[in-house]
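Reminder, nothing fancy here: chain letters follow the sequence lines and each chain counts from 1.
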2 protein chains.
Amino acid sequence: MAPRSISRAAEAGPRIATAHDVARLAGVSQSAVSRAFTAGASISPETRDKVAEAARKLGYRPNLVARSLITRRSHVIGVAMAYLENQFYPRALEALSQAFSTRGYQVMLFTGKPGASSDPMLEEMLRHKVDALVMASASLSSRFDVECQNAGIPVVLMNRRTESRSISSITSDNRQGGALIAAFLAAGGHRHLAFMAGSENSSTSQDREEGFTHALAAHGLGTPRRVVGLYDFDQAAAAMRSLLSAPERPDAVFCANDHMALAAINVARAEFGLEVGREISIVGFDDAGPAAWPVFGLTTYAQPLRAMVEEVVAATCARLSDPTSQAVRTIVPGWLAVRSSARLPPVGLTVRDGLTTWMPPEV
Amino acid sequence: MAPRSISRAAEAGPRIATAHDVARLAGVSQSAVSRAFTAGASISPETRDKVAEAARKLGYRPNLVARSLITRRSHVIGVAMAYLENQFYPRALEALSQAFSTRGYQVMLFTGKPGASSDPMLEEMLRHKVDALVMASASLSSRFDVECQNAGIPVVLMNRRTESRSISSITSDNRQGGALIAAFLAAGGHRHLAFMAGSENSSTSQDREEGFTHALAAHGLGTPRRVVGLYDFDQAAAAMRSLLSAPERPDAVFCANDHMALAAINVARAEFGLEVGREISIVGFDDAGPAAWPVFGLTTYAQPLRAMVEEVVAATCARLSDPTSQAVRTIVPGWLAVRSSARLPPVGLTVRDGLTTWMPPEV
DNA sequence: ACAGGTGTTGCATACGTATGCATTGTGGAG
DNA sequence: CTCCACAATGCATACGTATGCAACACCTGT
């Protein structure tokens, strides 16, 4: 090993400076160098300055790999996320990366093979000794839970929940959102409703559907027609086609997320020539970027991205600083962003900062 | 250290198994365990099986942090990417992550503070000992170059280029793409052209503009009007507003990327009531997801995402396996995806697999 | 002047793995 | 039967850093 690394260094020019090199140049011990780079360590200002000067001369940078090995903290958070064609996720990813980096963590991205089990991904994450896992996609197997608990790694779900008591989850109020949309559409005078589900095993889609369906019943409207879009643009388009081709066409469609709602609008407008918002109402969930674009004007339940990300980061860091703390199950409230893709109810609309929202008139 | 880690282990339950634990259980040396997990190492099948069995019992996983320290290879690629609201980038990120993971590398994501210098990001990447850098956004300072060369870390740019001879870059044919669009619009009978630039310091925007402008001149059309959209949706919308409010309105606008072109379509249609493709032509560059959505039908120069990602990964791995190899400068050819956002020329259109493209009739 | 406290420093070791080297065992060629 | 080649294995060490511990200097209060 030693001879090889020497020869490699020889061919690659000057070796990368280590704490020992800095120590030698500064005339102190390696410990002093380490302490100079550790906030709150016991070291005199003079020594710290000597070290800083030597480090500057040598272009020294602490090796975080070596540090990780000894401190047993990699300061790396594994983020599992696929399905990046849904704008909500890239934004979430960017925000997560920002927020974690503010607290001294970097994000390692795991996308997993499309359609594959999440287990190989888990394996890879554990080998890399990530400090924590944020799962924003992929359904977890039961192994996931126990393996992470054995490894002592906190797991935080974003935008989905689980039964496990040891895993934290941050979601928006999916049930209440679905219910609010039901009330909104009922107040708008719609009578033939439809729901487009995401994946069948998605807790998020289930919750939104439940809230929607229950509230519809409470408003005296029957069970909505149901199609499945699998969170996929093309699948959603096909589902929308089948809805609009049916003899009894719905007058309002609630899609389990914006990505599918945008597909629905595309089909309704481009293939069926419908004027969305007048001849048919389409409502989504997320308020991802394009929803607000004028050509769509998608009415949707807005998930507060920044707030959710903050909660994810807070939950992660909490469990990192106190491993005995309980997993949390946080529900962040959202609101209904009212635009033009759905017929408006006569009352209940309010405008604030140029954004329109709606609340049911009576409780 | 030792007493602390013992007490920590005690409170956290069974310690995470190491190669030593496996060795003890299997009745072999730690070296044997290491070799059992190293492809091509000198070890007998029997020993390998014994080790595998013991490892299975203990739930052993090789610690990649420790491995990185000794092999000086982290198997982590730093990917710098911001601007994820432009759909092109999330897709690229997903594809990069997939492709690298196929070759045994994981992706660490660096987004950088919006608007900040890339230097702190670089610092963080070097501390984490990434094996290579893929830069798909952020403009690099000159420090970047030398620091990475000192550290012996290959740098590969995606979708941008640089003067430095030591940095690889993968782009599509931006000049030719701009020229092709000019020819296409000229053939379509447009006479008052405009160009919407991205960022002024973006090589990509510059190249597309150059190709566009030169080819326009060759077709006897004057210098196009020029506005700046800074690759930003709202800025692009504002730029489009100014174009359409001017006394002499252009009959075709070439936007330096799709993201801005989509903003332009939104403004033209929703604010000015124009029928895009008939009253005004709008062309983009990228062929990111929404360009193909029916409501946009954006005519755009298609960058072959998969091919570009493959080239990026190939270039990265090439320099990793042979550090003395030269940096490459690869240009991946694209093609013009013709849809409905721009008036069609009378000749030159061809359809293949349901996709329409266009080539200039004569050379 | 002396005892005790406080703040700095270096030494030694540990983190978990990979690998050069020496040693051993095994089989085949002569 | 001898010798050599080669495969398999263990020992020892190295990667670069953090930190417990002991040694030490310096200061304060009596």
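Taking 4.5 Å as the limit, some side-chain heavy atom of Glu124(B) sits within range of a side-chain heavy atom of Leu64(A). Residues Arg329(A) and Arg165(A) have side chains in contact (heavy-atom distance under 4.5 Å, counting atoms from C-beta outward).
Ranked by how close their nearest DNA chain D nucleotide is to the 5' end, Gly27(B) and Leu69(B) are led by Gly27(B).
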Apply side-chain contact (heavy atoms from CB on, under 4.5 Å) to the pair Phe37(B) and Val51(B), showing each step before the final yes or no. CA-CA 9 Å; Phe37(B) 282 88; Val51(B) 169; 4.1 Å; yes
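Atom P of nucleotide dG16(C) and atom NE2 of His128(A) are separated by 18 Å, given to the nearest angstrom. One interatomic measurement links the two molecules: CG of Asp49(A) to P of dT9(C), which rounds to 11 Å at whole-angstrom precision. For the pair Leu64(A) CG and dC15(D) P, the interatomic distance rounds to 19 Å; values are reported in whole Å. Per the geometry, NE2 belonging to His75(A) stands 19 Å off P belonging to dC15(C), to the nearest Å. dA18(D) atom C1' lies 11 Å from atom NE2 of His20(A), rounded to whole Å. Whole-Å rounding puts the Ile70(B) CD1 to dA14(C) C1' distance at 15 Å. Between the CG atom of Asn63(B) and the P atom of dA14(C) there is a distance of 18 Å, given to the nearest Å. Rounded to whole Å, atom P of dC15(C) lies 19 Å from atom CZ of Arg67(B).
Contact annotation: Arg72(B) reaches the phosphate of dG16(D) (side-chain N/O to OP1 or OP2, under 4.0 Å).
The two residues Leu109(B) and Gln106(A) make their nearest non-hydrogen contact at O-OE1, 3.4 Å.
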Output a table of donor-acceptor pairs, distance under 3.5 Å, between side-chain atoms of residues 74-84 of chain B and any protein atom two or more places apart or on a different chain; print 'none' if there are none.
| residue | atom | partner | partner atom | Å |
| --- | --- | --- | --- | --- |
| Ser74(B) | OG | Val76(B) | N | 3.3 |
| Ser74(B) | OG | Lys129(B) | O | 2.7 |
| Ser74(B) | OG | Asp131(B) | OD1 | 3.2 |
| His75(B) | ND1 | Gly104(B) | O | 3.3 |
| Tyr83(B) | OH | Tyr231(B) | O | 2.4 |
| Tyr83(B) | OH | Asn257(B) | ND2 | 3.1 |

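Across all strands, Thr47(B) comes closer than 4.0 Å only to sugar-phosphate atoms, never to a base (heavy-atom distances).
Less than 4.0 Å separates DNA chain C from at least one heavy atom of each of the following residues of residues 28-46 of chain A: Val28(A), Ser29(A), Ser31(A), Ala32(A), Arg35(A), Ser42(A), Ile43(A), Ser44(A).
There is a side-chain donor-acceptor pair under 3.5 Å between Asp145(B) and Ser166(B). Side chains of Thr162(B) and Ser164(B): no donor on one and acceptor on the other come within 3.5 Å.
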